[in-house]
Amino acid sequence: MRPFLLLSSRAEDLAADDEYESFLRATGLAPDELRRVRMEAGPLPEIDLDRYAGVFVGGGPFNSSDPPSQKSVVQQRVERELSVLLDEIVARDHPFFGACYGVGTLGVHQGGVIDRTYAEPISAVRVRLTEAGRTDPVLAGLPAEFDAFVGHKEACRVLPPTAVLLAGSATCPVQVFRVKQNLYATQFHPELDLEALITRVDVYQHAGYYPPAERDALVARLAPAVVTEPGRMLADFVARYA
């Protein structure tokens, strides 16, 4: 079996390593079946898509909708390199799954509007599949409604003209979309369980997602959440394209 590729943009080792472990757990892949490139660490190496069954993009601190003057040199480089790679991925309809930051990158690439209208605090939200989502092969095993973990400063306000809406929520109308037949993006984090989310809460406590003094109260609000379904998307994606 060809391996899958995870493109990460998290500069913090703890968050980056935990994200990789979360993708391994949710997909069921072994370490040699999921290779990782940390895009923030240096120029993106040449990627031969024929070597990979599919490409994942994880979340991270970058916001696609920030003004260019507010983007670091690293973020600007990552966005340029990822855009070039997406040119090929979209042209070939090569299997792609972007989690959270995937909405920003694929959404912008395909002409959607990404801004801060539908930002969501760190929480568990109820996601509802559309009619197209209920028949999509990667989402078909999910119930019509399920809870998922979110926490993002930007979201898709206007769906790309090339995209099909697969799921939304009351606070964020675009939670999942598909481009062509094989390119997926989710606003929620399908890889996260509660333990991994708390790791993110701690790593990014000074990143503007919540007031640091409210950390314990936030964790207490998250603790009762029952989030069991989103990871199945990743497992089904792997099963479909492996």
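Quick note: residue numbers are just sequence positions, from 1.
- Classified by interplanar angle (parallel below 30°, tilted 30° to 60°, perpendicular above 60°), the ring pair Y184/F97 is parallel.
- At distances below 3.5 Å, not a single donor-acceptor pair connects side-chain atoms of S123 with backbone N or O atoms of V125.
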Worksheet entry | Test log, rule side-chain contact (heavy atoms from CB on, under 4.5 Å), inputs S22 and H189 | CA-CA 10 Å; S22 293; H189 285 275; over 6 Å; no
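- Looking only at distances, no side-chain donor or acceptor of S83 sits under 3.5 Å from a matching main-chain atom of E79.
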Fill in: Trace of the side-chain contact (heavy atoms from CB on, under 4.5 Å) decision for L234 with V238
CA-CA 6 Å; L234 295 173; V238 166; 5.8 Å; no
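- Side-chain contact check for Y210 versus P121: every heavy-atom pair is 4.5 Å or farther apart.
- The pair R25-D193 counts as a salt bridge, with a side-chain nitrogen and a carboxylate oxygen less than 4.0 angstrom apart.
- Side chain of E191 to main chain of G231: no donor-acceptor pair is present (N/O by atom type, distance under 3.5 Å, no hydrogens or angles).
- Looking only at distances, a side-chain donor or acceptor of T130 sits under 3.5 Å from a matching main-chain atom of L165.
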Item to complete: For K153 and D115, run salt bridge (Lys or Arg N to Asp or Glu O under 4.0 Å): C-alpha distance rounded to whole Å, both residues' side-chain angles, the deciding distance at 0.1 Å, then the answer.
Response: CA-CA 8 Å; K153 300 175 183 178; D115 62 22; over 6 Å; no
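- Checked against F56 for a side chain to side chain contact (heavy atoms under 4.5 Å, CB included), the options L7, L34, L5 give a single hit: L34.
- Using modelled atom types, no side-chain atom of R200 and backbone atom of A15 make a donor-acceptor pair closer than 3.5 Å.
- With rounding to the nearest 0.5 angstrom, the CG atom of L197 is 7.5 Å from the CG atom of L218.
- Remark: side-chain polar atoms of R80 are not paired, donor with acceptor, to backbone N or O of Q75 under 3.5 angstrom.
- V174 places none of its side-chain heavy atoms less than 4.5 Å from the side chain of Y118.
- Side-chain contact between L159 and Q110 is absent, with no heavy atoms from C-beta onward closer than 4.5 Å.
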Discussion item. One pair to check against side-chain contact (heavy atoms from CB on, under 4.5 Å): F23 and L29. What are the steps and the verdict?
Written reply: CA-CA 8 Å; F23 269 90; L29 293 170; over 6 Å; no
Practice prompt. Would you check, one step at a time, whether the test salt bridge (Lys or Arg N to Asp or Glu O under 4.0 Å) holds for E131 with R134?
Written response: CA-CA 5 Å; E131 183 176 352; R134 290 192 291 271; 5.1 Å; no
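- Rounding to the nearest 0.5 angstrom, the gap separating the CZ atom in R116 from the CD1 atom in I114 is 12.5 Å.
- A donor-acceptor contact closer than 3.5 angstrom links the side chains of Y204 and R10.
- Distance check: M39 CE to L85 CG gives 9.0 Å after rounding to the nearest 0.5 Å.
- Side chains of L142 and R232 form a contact here, defined as non-hydrogen atoms less than 4.5 Å apart.
- Under the side chain to side chain contact (heavy atoms under 4.5 Å, CB included) rule, L106 has a single partner from V57, I89, V90, which is V90.
- Side-chain atoms of D93 do not come within 3.5 Å of backbone N or O of K180 as any donor-acceptor pair.
- Using modelled atom types, no side-chain atom of R240 and backbone atom of P95 make a donor-acceptor pair closer than 3.5 Å.
- A 4.5 Å side-chain heavy-atom check between E33 and M1 finds at least one atom pair inside the cut-off.
- Here the CG atom belonging to L82 is positioned 6.0 Å from the OH atom belonging to Y101, to the nearest 0.5 angstrom.
- Judged by distance alone, the side chain of E229 and the main-chain N or O of F146 form no donor-acceptor pair under 3.5 Å.
- Between D216 and R221 there is no salt bridge, since no side-chain nitrogen of the basic residue lies less than 4.0 Å from a carboxylate oxygen of the acidic one.
- Judged by the 6.0 Å and 45° rule, R36 forms a cation-pi pair with Y20.
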Fill in: Trace of the side-chain hydrogen bond (donor to acceptor under 3.5 Å, both in side chains) decision for Q205 with E214
CA-CA 9 Å; Q205 62 179 304; E214 298 180 10; over 6 Å; no
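- A salt bridge links R128 with E145: at least one charged nitrogen is closer than 4.0 Å to a carboxylate oxygen.
- A salt bridge links R92 and D50; the closest N-O separation between the charged side-chain nitrogens and carboxylate oxygens is under 4.0 Å.
- Q70 CD: more than 12 foreign heavy atoms inside a 6.0 Å radius.
- For the pair K71 and F62, the cation-pi test (distance below 6.0 Å, angle within 45°) is failed.
- Within the 4.5 Å cutoff, the side chain of V103 has heavy atoms near those of the F177 side chain.
- Between G111 and P161 the shortest heavy-atom distance is O-CD, 4.0 Å.
- Between the side chain of Q187 and the main chain of A119, no donor-acceptor pair closer than 3.5 Å is present.
- Under the 4.5 Å side-chain criterion, counting only non-hydrogen atoms from C-beta, V127 is not in contact with D147.
- Taking 4.5 Å as the limit, some side-chain heavy atom of Q175 sits within range of a side-chain heavy atom of V150.
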